[in-house]
Structure formats: C-alpha cells, structure tokens
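Lettering follows sequence order; numbering is per chain, from 1.
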Number of protein chains: 2
Amino acid sequence: MRRSLDFKKKARVIIVDDNYDHLSGIKELIEIESDFDVVATATSASVAISLIKKYRPEIVLMDINMPEKDGLTAIAEIEKLDLGVRIIALTGYDDPDLIFRAMKIGAKGYILKTMASAQLIYAIDEVAAGKIYLPATLSSRFFEYFQQSFKEETQSVSDEENLLNYLTQREEEVLDLLTQGITYKGVAQKLFISETTVKTHVNNIFQKLQVNDRTQAVLYALNNGFLNRRKVKIAI
Amino acid sequence: MRRSLDFKKKARVIIVDDNYDHLSGIKELIEIESDFDVVATATSASVAISLIKKYRPEIVLMDINMPEKDGLTAIAEIEKLDLGVRIIALTGYDDPDLIFRAMKIGAKGYILKTMASAQLIYAIDEVAAGKIYLPATLSSRFFEYFQQSFKEETQSVSDEENLLNYLTQREEEVLDLLTQGITYKGVAQKLFISETTVKTHVNNIFQKLQVNDRTQAVLYALNNGFLNRRKVKIAI
DNA sequence: CTATTTATTGACCAGATGGTCTATACCCTC
DNA sequence: GAGGGTATAGACCATCTGGTCAATAAATAG
C-alpha cells in the first residue's frame, strides 16, 4: 500500500519552456521540493514532442507562450498521440481565453508562473493522481468565460425573434429531415405524404424563416438551436 | 471601506427546495452561521420565480431535484429574466452532467447538500462577491466531463478519415461559400470565376466528401470542424 | 356556426442543381 | 519533357428545387 503510493509519487516529468532560466528554475524547484523525477527538459515544442515519445513521462509542464510552434498547438498534438501523458499548461497570464482553450484541448491543469512554488507542486500532485486541477482564481475566470460564451450563443435571440418558433409541428418534422440532407422524395417517403405536400411545407418553412433555399434553412436551424438537444457540441 | 464590505455581506437570499425539512434546515443554518438575510423561501420553482421577481434577492439557492418544474429549467428561466440574481445550484448528487448543465445555463455555484455547512456559507460569500464558485471536487468532475465531451466531438475522426483534409484550397473556398448558403452564381461572382468552374469545383467537393448535394456537403463540413475556428459554440 | 389554421394534394413552370465528358493552361516534380 | 495535380471553362441533359395558384378536408378558435 505504502509502496504503491510512493511509486505513484515518483512520477516522471518533462518541462518545456523556451526561456532557459525559467526552465532550470522550475526544474530545480521540482527536484528540491518534491519527489518527482525530471527526466528531460526542452526549450521548443518540437523537441519536446520527440522527448515525450522517447521518455513517455506521466507529466508534462508546457509553457504556452513560445515562439515557433506555440504551446497550445503542441498540447493538441501530444494529446492526439494518446500516450496517456498528462499535460499542465504554464503561463504568465491568466487570460481566460487561453485557459479555456487549454482545457478544451485536454490540458489537465493550468498554472501561472507567478504562483507560489507550493501551488505548482500541489498541482503536479493532483494531476499525477489523475485529477484535473485548476487553481480557484483561474477556475473562476474559466467559468466566467464559459458562461459568457453561452450567453452570446443562446441568449442572443429571444423567443419571439427565433423564427423557428413559428413553425408548426409538421413543418418542424420536415425541417428536421431537411437538416439531414434528404430530398423531397425522401421526405415524402419518410412522412408517408406526397412530394407535393412536402414542397408546400418546405415553401412555408422558407417563408417563415425568411430564406430562399434549403441550405440557408438548414443553416438557420443549426444556428438557432434547432437540433441542440442531441449532443454536446463545442467548437472554437 | 469596512461599511461597504459589511453592506455587501448583507446579501438577501431566497431558498428553494421542495423538501420542507431541508429548506428550514438550510434557512436556519444561514441565519445562524452567516450575515445573509433569508428574505423568502419556496418549495416549488414557480412560486420561487414570483418571489424572486418581488424581492429581487442577490442570491438564490436552488434545489435541482424537484418534481413539476425541475430546478435546471427554473434556473434557465430566471437567468432569462436578467434580474442580476446570482443562483447557486443545490443537489444531493455530484452527477457531472448536472453540474455541466447547471453551469452552462448560468448557475454561479454548485453545492452538494452533503457538504459541510461552512462550505455553503463560503460559497454564498464568494458568489455574493461576484465570483463563480465550484468546490474543487465538483470542478474536477466538471472538467473531466467537459474534456470528454470534446474528445468525442473532435477526436472522433482522425485526420486521414476527415475527408475535408483532401480538399484543395480552392475547393475549401468554394465550400466555405456554400456553407453560407450562396448559389453557383453568387460563388462565381465572389471568386471572379465562371459559373461552370464553380460547378466543377462543387462536383469535385461532392465526390471527395462522398455526398450527393450541397446540403449534405454543408452538414459534413459543419460536423467535421470546417468552420470551427469562427466562434465558440456549445449546445446540449 | 363561421373563420382561421393546418395538413394535404395537384398542376405548371422557370431556374438551379448535379452528372458526365472534354479541353486548355499552369505549376511542380521526376 | 512527360506526367500529375490543380484551376479554369464549355456543352449537354436529367433531375431537383423553388414559386405560384388553386383546392379539399380536418381541426381549432372565436
């Protein structure tokens, strides 16, 4: 029991930072203040990726602000490799957009360089233990940004303005099939009605949505919460 | 300075919980352990909404598990009123999906009923001060769910499988215009080429994406990260 | 009971769309 | 300089799409 805990603590770490002074500072800090094993360091993202493939560390500390290939892209690439590496992002700024994007692409933690050394060790500890760690202040920032991005999305159009609300139930069914890229004939078969009827519905839909063709109708539906209930869908 | 802090602390609170015992328990706790002013309580969401309109509290504690109108819907409705009320969700379960949805629709905090009373007071404190508060354990859950929902979305298709990657630059431009619901003629004008050329490109796009018409092409593009860079877009 | 809304269908037509084949010109690579 | 990929363009044609007008039946609202 004790052994396995100790074993877990001896997680191997790779540090990536284009500033050599920062790099060695963090390295020393970790070596002195913690049990972690810094197996390698890198001053560029591309070198880092090679090292990660070679050493397969448990933890990577990745500076976000780097020239050439930036840290976020690097994180995305590493995550794509699916090596089980757990990445902690590291920057000087608490820009919510950066935090959001880092967490989105799979960073397991996000730390500011200005934070106390104990916080860094704690973060590594938590992440090494399989958790996701964001300091309270950053997590607060994240959520504000997160909620804001929703408000703009969903609350931008009120119910009265959302033309989708004026569609009848049958028209919604037809539109639903249209958003799956089905032709008049196909819709007619699916709904057991004639092609002409479908055309009538489609025409009514166009008028209500104030569009001229199915592509625009589909786009309107997608942009105004028509099939939102289906699945979580996030994109930047 | 001191006064304004004290003033802030005297935030008015409304508590909503269909279980009367819980309700009065929380009420007592807040009245004894904190400076907050419980101006009203409600055992149903609809009553709560009326009370909120009447009292305009700073804080609402909202139980999520309620019959009739559930707490999440209630939160969404209250947020839509845009009264500046700050809502803290309250449940017995740390279901990540619930947490995610609560935060999505604008809850400023999320607390488990099993948590220590001090934690509840602290949460109200933070939220009353304008912050968003999630206890570390819940925030961890949230992030796991958050990242998972991405992985399914973005990593579901590898680069080789994503047929969009086989499009030439010109074809991408054409597709981009198609996803805006523009006709052959319109595309031709925008790109300063003939309508025939557009048709050729479109046909090539269809073959590469293995679809039969523009609607399907647009849907494929939308579902496979074609215009993802534009805006944050989240939906459930 | 009448008016309105909704769902249904037909007919007709212009124009848009999609499929196929062919052809030229440019650029890049081998 | 031959070959491959890309962008351009025309011709032809079947089909699909969208617009309009008209009509019936059922359900709902007033």
Side-chain angles (χ1 to χ4, degrees), chain A residues 158-227, chain B residues 158-227:
Chain A
S158 69
D159 281 357
E160 301 89 50
E161 288 173 279
N162 191 339
L163 301 175
L164 288 173
N165 293 326
Y166 297 112
L167 298 183
T168 68
Q169 195 188 328
R170 198 57 161 172
E171 285 162 358
E172 278 188 12
E173 291 179 56
V174 173
L175 179 55
D176 184 49
L177 294 173
L178 286 192
T179 61
Q180 295 172 38
I182 302 180
T183 64
Y184 284 146
K185 203 173 289 183
V187 175
Q189 284 173 4
K190 292 227 172 197
L191 298 183
F192 304 107
I193 54 181
S194 89
E195 214 176 315
T196 311
T197 309
V198 179
K199 286 177 62 175
T200 308
H201 285 312
V202 171
N203 267 300
N204 290 334
I205 293 172
F206 288 169
Q207 283 187 15
K208 289 188 180 178
L209 301 188
Q210 295 168 22
V211 298
N212 304 309
D213 57 58
R214 48 206 309 125
T215 309
Q216 289 177 9
V218 169
L219 288 172
Y220 187 94
L222 262 52
N223 287 326
N224 292 86
F226 188 64
L227 32 71
Chain B
S158 67
D159 281 356
E160 300 90 50
E161 287 174 280
N162 190 339
L163 301 175
L164 287 174
N165 292 327
Y166 296 112
L167 298 183
T168 68
Q169 195 189 330
R170 198 56 160 172
E171 285 162 358
E172 279 189 10
E173 291 178 57
V174 174
L175 180 55
D176 183 50
L177 294 173
L178 287 191
T179 61
Q180 295 172 40
I182 302 180
T183 63
Y184 283 147
K185 203 173 288 184
V187 175
Q189 283 173 6
K190 291 227 175 200
L191 298 183
F192 303 108
I193 54 181
S194 89
E195 214 176 315
T196 312
T197 308
V198 179
K199 286 177 63 176
T200 308
H201 285 311
V202 171
N203 268 299
N204 291 334
I205 292 172
F206 288 169
Q207 285 188 13
K208 289 189 180 178
L209 300 188
Q210 295 168 20
V211 298
N212 303 310
D213 56 57
R214 50 210 302 128
T215 309
Q216 289 177 8
V218 168
L219 288 172
Y220 187 93
L222 262 52
N223 287 328
N224 293 85
F226 187 64
L227 33 70

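Atom CG in A:Leu167 sits about 16 Å away from atom P in C:dT5, given to the nearest Å. Taking atom OH of B:Tyr166 as the reference point, atom P of D:dG4 lies 20 Å away to the nearest angstrom. Rounded to an integer number of Å, the gap from B:Asn212 CG to C:dT20 P is 10 Å.
Using a 4.5 Å heavy-atom threshold, the side chains of A:Asn204 and A:Thr168 count as separate. Side-chain contact check for A:Ile193 versus A:Arg170: some heavy-atom pair is nearer than 4.5 Å.
Sorted by first and then second residue, the salt bridge (Lys or Arg N to Asp or Glu O under 4.0 Å) pairs with a member in residues 198-215 of chain B read B:Glu171-B:Lys208; sequence neighbours excluded.
Residues B:Arg170 and A:Gln207 both approach DNA chain D. Their nearest nucleotides, taken by heavy-atom distance, put B:Arg170 toward the 5′ side.
A:Ile182 and A:Val187 make their closest contact through CG2-N, 3.6 Å (heavy atoms, listed as atom of the first residue, atom of the second, distance). Across every non-hydrogen atom of A:Leu163 and A:Tyr220, the tightest pair is N-OH, 3.0 Å. What you find for B:Ala221 and B:Leu175 is that their closest heavy atoms are CB-CD2, 4.0 Å.
With A:Gln216 contributing its side chain and B:Gly181 its backbone, the two residues share a donor-acceptor pair below 3.5 Å. Between the side chain of B:Tyr184 and the backbone N or O of B:Val202 there is no donor-acceptor pair closer than 3.5 Å.
The residue A:Asn204 sits apart from the nucleic acid: no heavy atom pair falls under 4.0 Å.
The shortest distance between the side-chain N/O atoms of B:Asn203 and the OP1/OP2 oxygens of C:dG18 is not below 4.0 Å.
In the set C:dA7, C:dT17, D:dG18, the nucleotide with an atom closest to the side chain of B:Tyr184 is C:dT17. Closest contact between the side chain of B:Phe206 and the listed nucleotides D:dT6, C:dG19, C:dA7 involves C:dG19.
Near DNA chain D, meaning a heavy atom under 4.0 Å away, the residues from residues 187-199 of chain B are B:Ile193, B:Ser194, B:Thr196, B:Thr197, B:Lys199.
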Treat primed atoms plus P, OP1 and OP2 as sugar-phosphate and everything else as base, then score nucleotides 22-30 of chain C 5' to 3': B for base contact with protein heavy atoms under 4.0 Å, S for sugar-phosphate contact only, - for none. ---------
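The CZ atom of B:Phe206 sits 6.5 Å away from atom CG of B:Leu178, with the distance rounded to the nearest 0.5 Å.
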